[in-house]
Enquirer: 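This is the structure, below, for whatever I ask next.
Side chains included, hydrogens not; waters and symmetry mates left out as well; all remaining heavy atoms used.
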Amino acid sequence: MVIIFKMKLIRLAKVFVFLALLSCDKEDSISLKHKVEQLEIENKILSDSLEKIKYNSIASSELVLLPQLYTFNKNETGVVSGIFRQRQKFPKFNLYHVNDKFEYDESDQINYKLTKDNGFDFTYNKNDTIDDKIRVIAVFDLDTVEVGLYGITSFSKSN
């Protein structure tokens with residue numbers, strides 16, 4: 001968003017410089033022309049940076065397919081949802097069990113093991129819940145703000 005704003009600002013500056021060129025003497029005109037050339041170079045760098053950000057965003061993503069049914073009969077049609085998920089290295093976080101109102105305290109903290117830059121495993125005892133859902137929150141402390149990402153999944157409860 002900031003880069004787009006800067007690009008618009010550079011375009012506005014070009015228009016201003018062009019108008020100023022029309023009303024300046026030769027020496028000012030050369031100086032302004034040089035500034036326009038510098039702005040064009042900066043604009044190209046920003047454009048290239050935007051393309052690189054888009055490319056890296058897509059290249060660091062994965063496509064996850066989730067069938068709505070986990071068992072299919074022969075000749076049966078099912079719906080599959082696709083989700084693009086970005087793989088990236090996440091900062092340190094704390095993981096907690098949450099209740100059905102998504103509330104938690106320090107005693108609900110979960111020990112987990114990082115498996116990848118964006119993955120982790122934890123053990124879960126299905127006796128820890130009253131229903132068939134596992135609810136967690138990953139809490140990231142970003143110095144000035146705490147960000148929580150909630151996760152929920154279901155499982156079959158057997159005796």
Enquirer: Anything under 30° is parallel, anything over 60° is perpendicular, the rest tilted; go ahead and classify Tyr112 against Phe93.
Expert: parallel
Enquirer: Taking Leu149 as the starting point, is it possible to reach Ile137 by hopping between hydrophobic residues whose side chains are less than 4.5 Å apart?
Expert: no
Enquirer: Once rounded to the nearest 0.5 Å, what's the spacing between atom CZ of Arg135 and atom OG1 of Thr153?
Expert: 11.0 Å
Enquirer: Going only through I, L, V, M, F, W and Y residues with side-chain contacts under 4.5 Å, is there a path from Ile45 to Val36?
Expert: no
Enquirer: Taking all atoms of both residues into account, what is the closest heavy-atom pair of Leu142 and Pro91, and its distance?
Expert: CD2-CG, 4.3 Å
Enquirer: Consider only side-chain heavy atoms of I, L, V, M, F, W and Y, link residues closer than 4.5 Å, and tell whether Ile110 and Ile134 are in one cluster.
Expert: yes
Enquirer: Is it true that Lys52 and Asp48 have a side-chain N and a carboxylate O under 4.0 angstrom from each other?
Expert: no
Enquirer: Please identify each residue that fulfils side-chain contact (heavy atoms from CB on, under 4.5 Å) with Lys101, with sequence neighbours left out.
Expert: Asn99, Glu103
Enquirer: Nearest 0.5 angstrom please: Glu146 CD to Phe140 CZ, how far?
Expert: 11.0 Å
Enquirer: Once you round to the nearest 0.5 Å, how far does OG1 of Thr123 lie from NZ of Lys113?
Expert: 12.0 Å
Enquirer: Is there side-chain contact between Val136 and Phe122, with heavy atoms separated by less than 4.5 Å?
Expert: yes
Enquirer: Rounded to the nearest 0.5 Å, what's the gap from CG on Asp100 to CD1 on Ile152? Could you check?
Expert: 9.0 Å
Enquirer: Give, for atom CD of Glu42 and atom OG of Ser49, the distance between the pair rounded to the nearest 0.5 Å.
Expert: 11.5 Å
Enquirer: Got a second to check how far His34's NE2 is from Leu39's CG, nearest 0.5 Å?
Expert: 10.0 Å
Enquirer: Are Leu95 and Gln109 side-chain neighbours, meaning at least one heavy-atom pair lies under 4.5 Å?
Expert: no
Enquirer: Do Tyr104 and Tyr96 have ring centres separated by under 6.0 Å?
Expert: yes
